[in-house]
There are 2 protein chains.
Amino acid sequence: MARPRAFDEKQVLNAVRDQFWDAGYAATSLADLMRVSGLGKGSLYAAFGDKRQLFLRVLTSYTDELLGHLREALAEAPRALDALRTLLDAPIDDSTGAGPRRGCLMANSTCELGNADPDVLDHAHRTYEASTALIADCAARAQREGDLPAEADPIALARALLAAQQGLVFMSRTGLDTATLTATARSLAAQLLPDHTGG
Amino acid sequence: MARPRAFDEKQVLNAVRDQFWDAGYAATSLADLMRVSGLGKGSLYAAFGDKRQLFLRVLTSYTDELLGHLREALAEAPRALDALRTLLDAPIDDSTGAGPRRGCLMANSTCELGNADPDVLDHAHRTYEASTALIADCAARAQREGDLPAEADPIALARALLAAQQGLVFMSRTGLDTATLTATARSLAAQLLPDHTGG
DNA sequence: GGAGTTCTTGACCGTACGGTCCACCATAAG
DNA sequence: CTTATGGTGGACCGTACGGTCAAGAACTCC
């Protein structure tokens with residue numbers, strides 16, 4: 001093993017991810033990556049390859065975590081309908097956090113690089129298809145639990161929810177105040193996931 | 001007036017806008033702008049200032065046009081409800097066009113530059129507030145025409161529609177096939193703008 | 001036609017970028 | 001202690017970028 005690494009790989013990847021997340025791909029320079037990681041150029045290149053490779057690696061681990069958390073959250077909720085409603089709260093969390101509103105790294109990357117980098121586009125497509133499948137499973141459970149009309153299409157509902165969520169994320173990025181954002185999320189949730197038992 | 005300009009300003013601005021729209025701000029170089037405009041560096045700088053000024057000018061004229069078209073479309077529709085439903089078709093048009101799916105220039109710019117450039121963020125905020133107001137007016141008309149429940153809040157509905165639209169635009173950018181995108185748009189329209197008279 | 005003014009072209013500049021390389025260092029094995 | 005191996009840090013490189021400038025061209029006015 002010779003000389004051991006002086007850095008924690010996960011820590012470095014998290015720092016790099018945050019940098020790309022805050023500033024985007026093009027606006028992040030190698031100097032930025034060196035600063036946030038605390039590594040020299042040589043170490044960075046030896047460990048992760050060039051800027052694009054590092055970015056793709058960070059992007060992949062980001063979506064892996066995202067899908068993992070989504071799977072957990074949807075599976076663990078006692079009531080599936082509540083889990084679906086929670087999906088629309090994610091943008092609110094982004095707006096209330098301390099730092100800048102940075103939305104979703106995958107969405108930002110798709111906007112910035114989707115037309116220029118087929119790998120990124122493909123990754124985006126796969127990620128959102130996977131999300132749709134997870135959400136659709138949860139919607140089907142909500143149907144079984146009697147909280148959603150049985151005749152609804154779970155996949156269609158999943159796509160509608162995902163679209164609403166991404167739209168909210170974007171509105172958060174425009175600087176919409178948290179109260180209005182929250183009200184809009186509630187409004188969308190009420191219309192896309194109405195209380196079925198009461199009606 | 002001395003020597004007259006050899007280019008049409010509007011034509012140049014449109015070409016530049018398309019370039020920024022396709023590639024984004026950072027990924028567009030001055031060489032790109034020279035190529036698509038047919039102008040030399042000197043002419044570009046003399047006529048429009050530096051890259052950022054040119055970009056902001058293009059962005060402003062883009063949103064001016066956008067709001068103008070929106071105002072027209074919403075006002076001219078015989079039935080307000082139909083105009084509101086048409087809002088969700090815009091992302092479909094983007095997906096069926098010949099070129100790459102490039103979404104909305106204002107949205108792309110907000111994602112890329114919103115955190116770094118307060119001017120862009122402010123412009124985005126104002127633009128979407130203006131859009132919301134226009135859509136809310138149309139929703140109010142739909143209420144007067146008996147196509148929307150009178151107790152609904154037009155502004156809240158406008159924000160929900162705008163969020164849904166932006167979400168659909170984003171899903172189009174991930175490469176979602178047109179049929180699925182269309183189905184999702186129809187699904188969202190059905191839930192956000194249900195047929196009130198029939199139900 | 002001469003003067004004045006604006007536009008055009010492209011050479012030029014400084015800089016900051018992504019990427020490479022190498023001398024040095026810290027550890028493990030023998 | 002010696003040697004081998006991989007890690008580190010920073011000097012270095014070529015390039016492409018955004019931006020400036022000056023010389024000449026095209027036009028108007030007198």
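Order of the sequence lines fixes the chain letters, A, B, ..., with proteins taken first and strands second; residue numbering starts at 1 for each chain. Here the structure is a predicted model, which is why all the values come from computation and not from measurement. Excluded from the calculations below are hydrogen atoms, water molecules and symmetry mates; all remaining heavy atoms, backbone and side chain alike, are included.
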Handout entry: Student check: side-chain heavy atoms of A/S131 and A/L67 closer than 4.5 Å
Key = yes
Handout entry: Summary of salt bridge (Lys or Arg N to Asp or Glu O under 4.0 Å) pairs that have at least one residue in residues 152-170 of chain B, sequence neighbours excluded
Key = B/E129-B/R159
Problem - Interatomic distance where CZ belongs to A/R5 and P belongs to C/dA28 [whole Å] - result: 16 Å
Completion exercise
Residues pairing under salt bridge (Lys or Arg N to Asp or Glu O under 4.0 Å) where one sits in residues 9-28 of chain A, two or more places apart or in two chains, turn out to be A/R5-A/E9, A/E9-A/R57, A/D18-A/R102, A/D22-A/R102
Problem - Sequence neighbours excluded, every pair satisfying side-chain hydrogen bond (donor to acceptor under 3.5 Å, both in side chains) that has a member inside residues 62-76 of chain A - result: A/T63-A/H123
Handout entry: Distance, rounded to the nearest Å, where B/E9 contributes CD and C/dT8 contributes P
Key = 11 Å
Exercise for the section: Under the ring-ring contact (aromatic ring centres under 6.0 Å, His included) rule, collect the residues that match up with B/Y45, sequence neighbours excluded. Expected result: none
Practice task
To the nearest Å, give me how far apart CG (A/L54) and P (C/dG19) are.
Solution key: 11 Å
Fill in the blank from the handout: Residues passing the side-chain contact (heavy atoms from CB on, under 4.5 Å) test with B/S187, sequence neighbours excluded, are A/A160, B/Q191
Handout entry: Whole-Å gap separating C1' (D/dG18) and CZ (B/F55)
Key = 16 Å
Exercise for the section: Round to a whole Å and report the spacing from CG of B/D50 to P of D/dG19. Expected result: 5 Å
Completion exercise
note: B/Q19, atom CD; D/dG18, atom P; distance rounded to Å ~ 11 Å
Exercise for the section: Provide, to the nearest angstrom, the distance between the NZ atom belonging to A/K41 and the C1' atom belonging to C/dC22. Expected result: 15 Å
Fill in the blank from the handout: Note: contacts of residues 21-35 of chain A with DNA chain C (heavy atom, under 4.0 Å) are A/T28, A/S29, A/L30
Problem - All pairs passing side-chain hydrogen bond (donor to acceptor under 3.5 Å, both in side chains) where residues 88-97 of chain B contributes a residue, at least two apart - result: B/D89-B/R186, B/S95-B/T178
Practice task
Output the residues of residues 42-49 of chain A in contact with DNA chain D, where contact means a heavy atom of the residue under 4.0 Å from an atom of the strand; sort by number or write none.
Solution key: A/G42, A/S43
Handout entry: Pairing residues for B/D82 by the salt bridge (Lys or Arg N to Asp or Glu O under 4.0 Å) criterion, not counting sequence neighbours
Key = none
Exercise for the section: Kindly say if A/K51 contacts the phosphate of C/dG18, meaning a side-chain N or O under 4.0 Å from OP1 or OP2. Expected result: yes
Handout entry: More than 12 heavy atoms of other groups within 6.0 Å of A/R126 CZ
Key = no
Problem - Residue-phosphate contact under 4.0 Å: A/R3 side-chain N/O, C/dC25 OP1/OP2 - result: no
